[in-house]
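Reading through the structure tokens given below for one structure.
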Amino acid sequence: MNTDTLILGGGSAGCVLAARLSEDPHREIVLVEAGRNVSVGDIPAEVQARYPGRAYLDRANIWCRLTALMGGAARNAGRRPRRYEQARILGGGSAINALMANRGAPGDYDEWEALGAEGWNWEACLPVFRAMEADRDFGGPLHGSDGPLVLRRIGDAQISPFVDRVMRTLDRRGHPIRPDQNGIWEDGTFRGVVAVDDRGERQPTSLAYLTPEVRRRPNLTILTGHVATRLLFEGTRAIGAEVEAAGNERHTIDARQIVLGAGAIHSPTLLLRSGIGPAGELRALGIPVLCDRRGVGRNLMEHPSIAVATWLPPGARERNPGEHHEQAIWRYSSGLSGTPAGDMHAAILSRAGWHSVGLRTGSLFFWVNKSCSRGFLRLVSRDPAVEPEVDFRMLSDERDLTRLKAALRMGAEVLLDPGMDGVRDVVFPASYTPRVAGIAAPGAWNAMQRGALAGLLDGAGPLRAALIHAVVTQGITLRELVSDDDALTEFVRLNVGGTWHPSGTCRMGQADDPLAVTSPLGAVLGVEGLYVADASVMPSIPRANTNMPTIMIAERIAGFIRDGHR
Ligand SMILES: Cc1cc2nc3c(=O)[nH]c(=O)nc-3n(C[C@H](O)[C@H](O)[C@H](O)COP(=O)(O)OP(=O)(O)OC[C@H]3O[C@@H](n4cnc5c(N)ncnc54)[C@H](O)[C@@H]3O)c2cc1C
């Protein structure tokens, strides 16, 4: 097979790249995606749903062997990797994520430019954000009205009694309720902006960008169920890729130009496997070094998280099980020296899972929105079936630990505030541990078990607190954590999780920056004909969920490639 532009990875970014680059009828495009197809009329119900809590737990939609190290280890024990969900489906993260649609602070993009990504300041990025969206609630200079992604805020009829009361309680405590999360960057609480279309359904980029009309273009070929195993080069010029179809049949696709959209874990992995990366590490695995670039797989970023949860009395529970659950957010500034405004984020969740216990649990899911810790990923085998080692080194920067500990304390205060009387019951610490992930797997057995536990907890009356502490938090109480700093440190270090926002592993920068992997145009430094255009290229993590920033990146780099910038 032979094409002009070969796009590897059909995720949030890859589908945008395919749609935009195929607008030029003279350019042949092949899009290769490892996961299954998603199209209008052929979309799994859990992917289409506005309630997203099943899609990312379905093993058919994710890279099942991928694990990652998050934070610290228990005393006298090694660090243990946990499953780390990343999409393997056409549309990528946008087909399984929590639908939150925000961009971060203007300062995040000005920072990208300051770090060497020339031309990526807020003034340059804002018009692209606007062009991507059709905001159904707000207009004006910060919003778009006719882009492919419909955005809206959770309405009065949808908001759960618990979420509504948290917002009012926070308002009374000095964190004002504000109308627009995507408006002026300021602290407060906001109804969540979600990418939900006018029928109330998810819009993965595999539908919003790869519309039936786009798919009919004769110059666009979409290959799903195909895994790219390695890039091919002639000298230092990329000339194609080796791909493996289901059934292990390998073949090559020749191309004039290759664009990686395989995401922040698998785009650097493909570079490493193809000989682009830290020379010593590659040689140790017997991979011939094509280009010694130390930055490949470094600068791995996430938003470290921890939660405070409460058992919900019946009247405070989500009334519609199909409703989106991340209904509001709380943005605040830690005030810690060297951190910017609005560096902290809490998702105010009406429920904690698809099952009966989840439906009865509300939570404040905190994350450090401007995190300072940086991790890495590296190959451990030449075998393309073996996932890389991923180590986020969360909280390795003390500032992240300090902020997350303070967040847990604040969350406890808010949920225990008398203003919450009637919509909260027992308050307890929570996090997305491997145990919780196991329990959360969709299926009849888990549904039955959770149903029995929910019934037990509902009927437990004065024994509920003891039962939650025994079964849910396994002996850890909130009182102990907020009164004992060492216990809190240990709990946060052990239980810190992510938010599924990996980024930065092929970061943009200037050619003389030894840790830069791509130029500000997305071109891989040191070789020709190869680009990266996904969450990997972010120089620093934005104060945002990362889907909209990634789509903006794909839009811009597609534009650079289309216009022939070098
Ligand atoms: C569970 C979850 C919840 C999230 N919630 C939100 C949210 O609410 N809001 C938000 O803004 N962001 C959210 N995110 C993050 C957001 O979805 C990602 O930042 C975004 O999808 C990244 O886009 P990407 O194109 O870089 O990578 P992806 O969307 O992950 O796409 C990469 C694609 O490449 C494919 N691929 C990888 N390797 C190969 C290969 N070798 N050959 C062929 N194909 C390959 C993968 O299968 C995948 O489809 C969430 C993510 C997850 C996983």
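Numbers here simply count residues along the sequence, with the first being 1. All ligand and atom numbering here is 1-based and tracks the order in the structure. Because only heavy atoms are used, hydrogens play no part in the values below, and waters and symmetry mates are left out as well, while side chains stay in.
Scanning the protein for heavy atoms near atom 42 (N) of ligand 1, the closest one is Ala228 N, 2.8 Å. Scanning the protein heavy atoms around atom 52 (C) of ligand 1, the nearest turns out to be Trp500 CB, 3.2 Å. Distance from atom 39 (C) of ligand 1 to its nearest protein heavy atom, with residue and atom name: Trp63 CZ2, 3.8 Å. Here the protein heavy atom with the shortest distance to atom 24 (P) of ligand 1 is Thr550 CG2, 3.8 Å. In terms of protein heavy-atom proximity, atom 31 (O) of ligand 1 is nearest to Gly11 CA, 3.2 Å. Protein heavy atom at the shortest distance from atom 26 (O) of ligand 1 is Ala535 N, 3.0 Å. For atom 11 (O) of ligand 1, the closest heavy atom belonging to the protein is Asn547 N, 2.7 Å. The protein heavy atom nearest to atom 25 (O) of ligand 1 is Ala13 N, 2.9 Å.
One option in Ala262, Gly93, Pro204 has a heavy atom closer to atom 32 (C) of ligand 1 than any other, and that option is Ala262. Nearest-residue assignment for atom 21 (O) of ligand 1 (options Gly261, Ser12, Gly9; heavy-atom criterion): Ser12. Considering only non-hydrogen atoms, atom 4 (C) of ligand 1 lies nearest to Asn97 out of Leu31, Asn545, Asn97.
Under the 4.0 angstrom criterion for non-hydrogen atoms, Leu99 is in contact with ligand 1. Within the structure, ligand 1 lacks Glu326 among the residues with a heavy atom less than 4.0 angstrom away.
Ser519 places a side-chain N or O within 3.5 Å of a backbone atom of Leu521 that can act as its donor or acceptor partner.
For the ring-ring contact (aromatic ring centres under 6.0 Å, His included) condition, the pairs that include at least one residue of residues 240-262, sequence neighbours left out, are His226-His251.
Between Trp367 and His345, the ring planes are parallel. Angles under 30° get that label, and only those over 60° would be called perpendicular.
Under the 4.0 Å criterion applied to side-chain N and carboxylate O atoms, Arg273 and Glu242 are not assigned as salt-bridge partners. Ion pairing between Arg130 and Asp135 fails under the 4.0 Å rule for side-chain N and carboxylate O.
Side-chain contact of Glu244 with Thr229: a donor-acceptor pair under 3.5 Å is absent, judged by distance alone. No side-chain donor from either of Thr3 and Glu28 sits under 3.5 Å from a side-chain acceptor of the other.
For the residue pair Ala101 and Leu151, the shortest heavy atom distance occurs at CB-CD2, 3.6 Å.
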